[in-house]
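To start, the structure under review is shown below, and the notes come after it.
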Amino acid sequence: MAKINRLSGFPELLPSGRVIEQHILDTAREIFELHGFLSLETRSVEPIDHMQRNGEIDKEIYVLRRLHATADEADPGLGLHFDLTVPFARYVLEHAALLEFPLRRYQIQKVWRGERPQEGRFREFTQADIDVVGKDTLAFHHEVEMAVVMSTLLATLPIPRARLQVNNRKLAEGFYLGVGAADTQGVLRVIDKLDKIGPDRVGALLETEAGLTPEAAAKCIALAAICTPDATFVDQVRALGVRNDLLDQGLSELSAVVTGANAERPGSVVADLRIARGLDYYTGTVYETQLVGFESVGSISSGGRYDNLASDEGQRYPGVGISLGVSRLVSILLAKDLVSASRAVPSAVLVAVTDELSRPASESVARRLRERGIPCEVAPSADKFGKQIRFADRRGIPYVWFPATAADSTEGDTIKDIRSGDQVDADATNWQPPLDDIKPRVFATPDSSAASKESW
RNA sequence: GUGCUCGUAGUUCAACGGUAGAGCGCAGCCUUGUGGUGGCUGAUGUUGCGGGUUCGAAUCCCGUCGGGCACCCCA
């Protein structure tokens with residue numbers, strides 16, 4: 001057989017990894033619905049010209065075309081979507097007449113980007129987005145809400161602590177204008193390199209590439225250094241002595257998000273004025289999230305306020321949203337062994353088969369368990385019980401059911417907990433496993449290796 | 001797309017230009033139709049692919065395909 005190479009950037013998980021991913025997806029859905037977000041799905045393809053930002057050609061897009069397209073056939077100009085926000089904006093415009101606003105929706109789908117993959121970066125990956133879109137206007141408090149919902153989700157998952165960092169586009173842009181910058185986007189892009197190349201080289205780039213004076217560059221760097229868990233950043237920014245109306249607006253918005261979110265969930269967000277990223281359609285609050293201890297992998301959740309993404313003739317639908325990078329998060333969790341699952345299969349019980357003639361008796365046990373919502377499977381072959389137990393053990397199935405043998409009808413069915421070795425009489429019409437054993441459990445990996453020895 | 005680096009068993013990795021190996025995993029047995037550990041036995045490779053140099057290539061050279069990392073950009 002030809003050797004099959006795995007395709008870089010198109011990750012496929014093993015069963016144990018998928019259990020963890022699915023737990024994250026299930027939890028996301030649960031938290032989102034708990035906060036009243038409805039579920040939507042959009043098609044995987046969009047017209048490429050709708051996905052381009054500011055008219056520039058985006059090389060990240062995978063183009064879709066028919067293999068047998070003829071030369072004279074018009075190119076439909078379709079590409080796979082690279083995020084869920086742009087398609088959602090298009091969806092809103094297309095169905096606006098039939099939708100209720102403000103519209104709260106969550107959307108969990110694959111997206112594609114034609115980049116070169118590396119750690120935590122894929123060509124095909126899953127995002128879990130929430131957005132609120134209003135008609136004409138969107139109340140500011142939703143910018144607080146996004147941070148609260150995402151922080152709730154991240155705190156619910158069995159993962160390391162996440163730092164939700166918030167900044168505001170108006171603040172940064174107003175500040176840059178205030179120090180005399182002409183190209184605020186350019187300043188933003190250079191500031192974003194602070195982590196990688198340090199303040200000295202950023203300062204130099206600000207002068208050469210963004211055309212700032214040394215004093216202005218120094219102030220921009222000083223601004224980026226400000227990071228507070230509360231609204232005290234306002235005074236620190238004021239101390240830099242830059243005056244600008246947009247800056248003032250940004251300052252008050254950001255302090256409202258930070259104080260609002262922390263009132264709801266203490267310690268959930270920090271104001272971090274270095275956060276410059278986000279796509280260029282963001283117009284206000286921007287979010288970014290790092291897993292504490294794994295900052296180098298990049299943000300696992302980001303988003304922001306966008307006022308102009310969905311707009312028709314005269315009609316605007318401003319929105320705010322935040323996205324969880326499910327694939328990136330899962331890849332960190334698996335690579336660093338931060339999260340474990342109690343088993344990689346749904347079955348809580350393996351029903352043993354004594355011999356092929358009595359397989360119907362085993363199937364009957366399974367049926368009665370399933371009727372009561374207990375996931376189970378019947379052993380694939382009537383091997384020696386030792387092998388059947390090992391079959392369960394390998395997969396993490398916690399219980400093996402032994403049907404009564406016809407030859408020895410005085411004995412009833414028994415069930416063995418293969419973790420403890422305990423084996424007791426059981427009746428398929430009323431036996432119930434502990435709640436924890438019904439579904440695979442996903443939990444933070446205990447860091448001591450001694451703990452894992454106990455549960456063989 | 002640019003640069004760097006690496007491709008050997010299912011997997012993690014060895015092997016100076018000289019007979020391709022080990023750990024883990026897998027299969028069987030010790031083991032009684034009831035699995036942890038232990039012991040014994042066994043199976044598995046076009047050394048990514050193609051060409052070149054050489055008496056001889058996993059090893060050196062060229063090409064190609066694939067992986068990883070960095071840049072770019074971002075979840």
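Proteins get letters first, then strands, A, B, ... in listed order; numbering begins at 1 in each.
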Would one find a side-chain N or O of [X] under 4.0 angstrom from OP1 or OP2 of [N]?
| X | N | answer |
| --- | --- | --- |
| A:Lys193 | B:C71 | no |
| A:Thr126 | B:A75 | no |
| A:Arg116 | B:G3 | no |
| A:Lys384 | B:U31 | no |

Mind checking [X] for me? I need base, sugar-phosphate or nothing, with any heavy atom below 4.0 Å counting as a touch.
| X | answer |
| --- | --- |
| A:Ser301 | sugar-phosphate |
| A:Phe402 | base |
| A:Gln388 | nothing |
| A:Ser302 | sugar-phosphate |
| A:Arg395 | nothing |

I'd like the [atom1] distance from [M] over to [N], given in whole Å.
| N | M | atom1 | answer |
| --- | --- | --- | --- |
| B:G23 | B:A14 | C1' | 10 Å |
| B:U44 | B:U8 | C1' | 14 Å |
| B:A9 | B:A58 | P | 14 Å |
| B:U12 | B:G68 | C1' | 16 Å |
| B:G38 | B:C60 | P | 39 Å |
| B:C65 | B:G28 | P | 43 Å |
| B:C6 | B:G10 | P | 23 Å |

*The side chain of A:Lys416 lies closest to which of these nucleotides: B:U34, B:U2, B:C73?*
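In terms of side-chain proximity for A:Lys416, the closest of B:U34, B:U2, B:C73 is B:U34.
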*Regarding A:Asn168 and A:Glu253, is there a side-chain donor-to-acceptor distance under 3.5 Å anywhere?*
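Result is yes, a qualifying pair exists.
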